[in-house]
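Down below is the structure, laid out as structure tokens.
Treat the numbers as computed from the prediction; the structure is a model and nothing was measured.
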Amino acid sequence: MTTTQTTTSAATAEAAPLIPREVLFGNPTRSSGKLSPDGKWLSWLAPKDGVMNVWLAPADDLDAAKTMTDATDRPIRQYFWSGDSKNLLYVQDKGGDENFLLYGVDIASGEERTLTPFENTRAQVVGTSNAYPNKMLVGVNNRDPRLHDVHMLDLDTGALELVMQNEGFAGYLADDLLKLRMALKPNAAGGMDFYKINDGEIEGEAFASTALEDSLTTQPAGFTNDGKTMYWIDSRGRNTAALIAEDVATGEKTIIAESDKADVGGAMSDPMTGEVEATSITYLKTEWTATDPDVKASLDWLDTRLDGDFGVSSRTKADDKWVVWNDPVTTPGKVYLYDRKAQTLTDFYMTRPDLEGAPLQAMHTLEITSRDGLTLPSYLTLPPGSDSDGDGVPDAAVPMVLLVHGGPWARDGYGYNSYHQWLANRGYAVMSVNFRGSTGFGKDFISAGDLEWGKKMHDDLIDAVNYAVEKGVTSDDKVAIMGGSYGGYATLAGLTFTPDEFACGVDIVGPSNLETLLATIPPYWEPMIAQFHERMGNPNTPEGLAMLKERSPLYSADKIVKPLLIGQGANDPRVNQDESDQIVEAMKAKGIPVTYVLYPDEGHGFAKPANNIAFNAVTENFLATCLGGRAEPIGDTVKNSTAEIVEGADFVQGLEEALAE
């Protein structure tokens with residue numbers, strides 16, 4: 001590499017315009033577009049007075065749109081249609097407590113009702129139906145917070161009728177007639193037992209079971225609408241999870257889709273019959289395979305007209321119209337209305353039109369080999385102008401942020417990622433690693449993470465950093481670690497167990513003490529506690545408790561020598577505020593600097609855009625202080641949020657000044 005190349009590359013990166021945080025993390029213009037089942041209406045989420053609400057318009061007249069909900073504080077993030085196209089349904093909690101209640105809006109009258117009118121209750125949808133489109137099965141845990149009793153909900157009257165009282169089951173499976181057909185119960189091995197339900201009675205013996213190794217990769221996936229075929233996502237007797245169809249009468253099983261590299265991840269089913277028509281496999285990128293010739297023809301037609309990834313997010317019952325999303329990664333995502341008969345694509349909306357012309361960067365796929373030979377599917381985004389030949393390696397090493405996903409039983413994927421684009425725009429390489437324990441790559445990959453919190457799971461992250469250093473992506477003294485939930489834990493583990501590996505860390509709602517984390521899980525997670533104990537460590541045994549303490553960053557807080565930023569929601573039911581309070585107090589007791597931002601109206605992550613933007617404003621100025629990247633000034637973002645700077649305002653450039661203004 002010549003000196004001229006390096007200088008030019010750096011100058012180009014600095015010349016790229018800063019993408020405003022508001023554009024990346026503010027409310028989208030529209031999102032979650034859906035067709036009503038009868039095809040007469042289009043709905044979507046969009047801001048009303050700055051808060052995301054549900055909007056509705058005739059399918060042939062978007063200009064006649066009107067808001068159907070009136071959320072004024074927390075954004076509505078999930079909604080769906082009733083099967084009869086008469087009601088819009090959504091779930092909402094209070095202050096991030098995750099006690100999601102179910103609400104309905106009658107589209108004819110505009111009347112809004114609370115359909116599960118209980119306090120301190122979390123509602124779950126158990127079943128919906130084509131046969132009875134005005135009814136649904138709903139689970140509510142108002143009797144016992146650990147268990148969801150199943151009720152029949154009549155959407156016309158709002159009446160709730162008890163169908164089955166839950167006596168220790170983790171979940172139920174219903175058919176299209178809204179009859180409960182199966183009950184799922186955790187077993188002592190950390191797996192699941194499956195019980196048939198006949199005429200409302202649960203059989204005394206399980207007809208099938210999983211052990212721990214299959215617990216995250218095997219589950220029933222529903223019935224065809226005639227009830228004759230049951231689908232499974234199933235890894236029993238194999239590594240990756242296949243989609244399997246079981247004949248209910250004979251028990252004969254047929255493999256519908258499989259891959260030796262990744263689990264079956266998604267499916268498209270006929271809206272009227274429930275028969276699977278296409279399946280997706282996501283290893284590095286998502287690939288769809290259609291088994292139905294008409295669906296295949298439609299997907300092929302879309303593939304010739306759309307750049308980048310696309311998918312179908314909504315279908316009419318007649319299956320004549322689809323809502324199709326398209327993610328080109330380096331240009332803003334768009335959503336279309338696809339008329340299958342007319343073979344037309346009509347613009348529905350662009351999610352973030354202000355990103356048009358912004359210097360969005362390509363995402364590179366990687367396969368990194370861990371020290372013990374595992375392949376770690378990973379993703380890398382580079383700063384604008386840093387990679388003149390587009391080979392995925394910058395012309396000169398740049399600072400890097402290792403962005404660790406939560407879960408840990410989740411995964412990173414390919415596509416537009418606001419955090420990748422934001423951090424790359426600020427001058428950082430951004431790497432996301434599917435470390436062992438991540439889901440989607442077969443049960444062996446998940447099991448390799450059992451009892452490895454803070455050990456081999458962390459080694460995988462270190463191996464990825466070493467890979468980036470060896471390839472010339474970054475230098476070993478210019479790497480930050482950042483993440484939420486498990487990613488927050490990984491940040492704390494990085495700064496305590498490997499204190500010289502990272503230049504700084506950003507922990508968002510991460511647990512610091514695995515013992516107290518397990519002691520304070522939400523009550524409705526209690527049926528799954530055996531699996532947590534088997535995969536993390538059992539606090540009820542001397543060996544397990546000792547291991548949990550050893551793997552808890554709290555007990556190694558005195559080893560932290562690099563800057564740390566912590567963000568926490570006060571109402572977080574999964575990772576209680578005490579998880580952050582504990583480690584902040586331990587660091588203060590040792591005189592170790594830490595910056596701590598607390599949100600009194602948030603839970604497990606920051607749902608309100610003003611709060612998210614404020615924390616990201618603090619984060620990018622924290623990273624600039626630590627790694628020297630670019631940063632938009634904090635300005636009034638913190639003042640316009642509910643953020644409380646509990647500790648360490650003086651450790652982030654511009655924060656004290658922003659608070660004083």
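With hydrogens and angles disregarded, a donor-acceptor distance shorter than 3.5 Å links the side chain of S280 to the backbone of G266. Counting only distance, with no hydrogens or angles, the side chain of T240 and the backbone of S259 share a donor-acceptor pair below 3.5 Å. Distance alone, capped at 3.5 Å, is enough to place a donor-acceptor pair between the D263 side chain and the G442 backbone. Between the R77 side chain and the M52 main chain, no donor and acceptor come within less than 3.5 Å of each other. At least one donor-acceptor pair under 3.5 Å links the side chain of D270 to the backbone N or O of M272. Proximity of a side-chain donor or acceptor of N326 to a complementary backbone N or O of D309 within less than 3.5 Å is detected. Put simply, the side chain of D234 never gets that close to the backbone of Q219: no donor and acceptor are under 3.5 Å apart. Remark: the backbone N or O of A257 is not paired with any side-chain donor or acceptor of T279 at under 3.5 angstrom. Judged by distance alone, the side chain of D347 and the main-chain N or O of Y349 form no donor-acceptor pair under 3.5 Å. In this structure, the side chain of N134 does not engage the main chain of D156 through any donor-acceptor pair within 3.5 Å.
Using a 4.5 Å heavy-atom threshold, the side chains of N142 and R122 count as separate. Using a 4.5 Å cut-off on side-chain heavy atoms (C-beta onward), Y416 and P332 make no contact. Residues V430 and Y419 have side chains not in contact (no heavy-atom distance under 4.5 Å, counting atoms from C-beta outward). Under the 4.5 Å side-chain criterion, counting only non-hydrogen atoms from C-beta, H151 is not in contact with M164. In this structure the side chain of T116 reaches within 4.5 angstrom of the side chain of V138, judged on heavy atoms. Between L137 and M152, the closest side-chain pair of non-hydrogen atoms falls below 4.5 Å. The closest side-chain heavy-atom distance from Y231 to E275 is below 4.5 Å. Inter-residue side-chain proximity for M136 and L155 is flagged as met; some heavy-atom pair is nearer than 4.5 Å.
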Can I get a per-line list of side-chain donor-acceptor pairs under 3.5 Å for residues 196-208, giving both atom names and the distance, sequence neighbours left out?
residue	atom	partner	partner atom	Å
N198	ND2	E203	OE2	2.8

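A donor atom on one side chain and an acceptor atom on the other are not found under 3.5 Å apart for Q124 and Y524. With 3.5 Å as the limit, one finds a donor-acceptor pair spanning the side chains of Y79 and S43. The closest side-chain donor-acceptor pair between S209 and D193 falls under 3.5 angstrom. Residues S215 and R535 bring a donor and an acceptor atom of their side chains to less than 3.5 Å of each other. Using a 3.5 Å distance cut-off with no hydrogens or angles, the side chains of D149 and N166 do not pair a donor with an acceptor. Side-chain contact of S432 with H405: a donor-acceptor pair under 3.5 Å is absent, judged by distance alone.
Residue D84 comes nearest to S82 through the heavy atom pair OD1-OG, 2.6 Å, listed as atom of the first residue, atom of the second, then distance. What you find for W44 and G33 is that their closest heavy atoms are CB-CA, 4.1 Å. Across every non-hydrogen atom of L89 and L102, the tightest pair is CB-CD1, 4.3 Å.
Cation-pi geometry between R181 and F223 is met: the NZ or CZ atom falls under 6.0 Å from the ring centre, inside 45° of the normal.
Look at K135 and E161 and you find no salt bridge, because none of the NZ, NE, NH1 or NH2 atoms lies under 4.0 Å from a carboxylate O. Ionic pairing of D459 and K455 is not present here: no N-O contact between side-chain nitrogen and carboxylate oxygen is shorter than 4.0 angstrom. Remark: R340 does not engage D320 in a salt bridge, criterion side-chain N to carboxylate O under 4.0 Å. Comment: E277 does not engage K296 in a salt bridge, judged by the lack of any side-chain N to carboxylate O separation of less than 4.0 angstrom.
Ring centroids of F194 and W232 are separated by less than 6.0 Å, placing the two rings close together.
The number of heavy atoms from other shown groups lying within 6.0 Å of CD (Q165) is above 12. Sparse packing is recorded around NZ of K40, with 12 or fewer heavy atoms of other residues, nucleotides or ligands lying under 6.0 Å away. The neighbour count for D307 CG, taken as heavy atoms of other residues, nucleotides or ligands under 6.0 Å away, does not exceed 12. Heavy-atom contacts from other residues, nucleotides or ligands closer than 6.0 Å to NZ of K317 number more than 12.
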K261 vs E367, salt bridge (Lys or Arg N to Asp or Glu O under 4.0 Å): CA-CA, chis, key distance, verdict: CA-CA 12 Å; K261 300 194 81 171; E367 292 179 300; 3.8 Å; yes
Go through the steps for D460 and K456 under the test salt bridge (Lys or Arg N to Asp or Glu O under 4.0 Å), then give the verdict. CA-CA 6 Å; D460 289 347; K456 289 183 180 179; over 6 Å; no
Stepwise side-chain contact (heavy atoms from CB on, under 4.5 Å) test for Y283 and K285: CA-CA 6 Å; Y283 179 58; K285 296 183 180 180; over 6 Å; no
Verdict with reasoning, I76 to Q92, per side-chain contact (heavy atoms from CB on, under 4.5 Å): CA-CA 6 Å; I76 294 174; Q92 183 68 292; 3.8 Å; yes
With side-chain hydrogen bond (donor to acceptor under 3.5 Å, both in side chains) as the criterion, how do S85 and W41 come out once you've worked through the C-alpha distance, each side chain's angles and the decisive distance to 0.1 Å? CA-CA 8 Å; S85 300; W41 303 94; over 6 Å; no
What verdict does the side-chain contact (heavy atoms from CB on, under 4.5 Å) test give for Y489 and L514, after you've listed the backbone C-alpha separation in whole Å, the side-chain angles of each residue and the deciding distance to 0.1 Å? CA-CA 9 Å; Y489 166 82; L514 300 185; 3.9 Å; yes
Could you walk me through whether K228 and D247 satisfy the salt bridge (Lys or Arg N to Asp or Glu O under 4.0 Å) test, starting with their C-alpha distance in whole Å, then the side-chain angles of each, then the deciding distance to 0.1 Å, before giving a yes or no? CA-CA 6 Å; K228 295 179 180 179; D247 185 300; over 6 Å; no
Stepwise side-chain contact (heavy atoms from CB on, under 4.5 Å) test for M536 and L517: CA-CA 11 Å; M536 295 174 61; L517 174 72; 3.9 Å; yes
Steps toward side-chain hydrogen bond (donor to acceptor under 3.5 Å, both in side chains) verdict (D319, W322): CA-CA 7 Å; D319 211 20; W322 292 355; 2.8 Å; yes
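Note: Y336 OH to W325 CH2 = 12.5 Å, rounded to the nearest 0.5 Å. With rounding to the nearest 0.5 Å, the separation of CG in D175 from CG in L180 is 8.5 Å. Interatomic distance, CZ of R146 versus CD1 of I529, reported as 12.5 Å (0.5 Å rounding). To the nearest 0.5 Å, the span separating OG1 on T218 from CD1 on I233 amounts to 9.0 Å. Taken to the nearest 0.5 Å, the OG atom of S438 stands 7.0 Å off from the CE atom of M457. In this structure, the separation between CZ on F80 and OH on Y90 is 12.0 Å, given to the nearest 0.5 Å.
In summary, of the residues considered (D444, D463, D372), a salt bridge (Lys or Arg N to Asp or Glu O under 4.0 Å) with R436 occurs for D372 alone. Checked options T210, N239, D214; the residue passing with K443 is D214 (criterion: side-chain hydrogen bond (donor to acceptor under 3.5 Å, both in side chains)).
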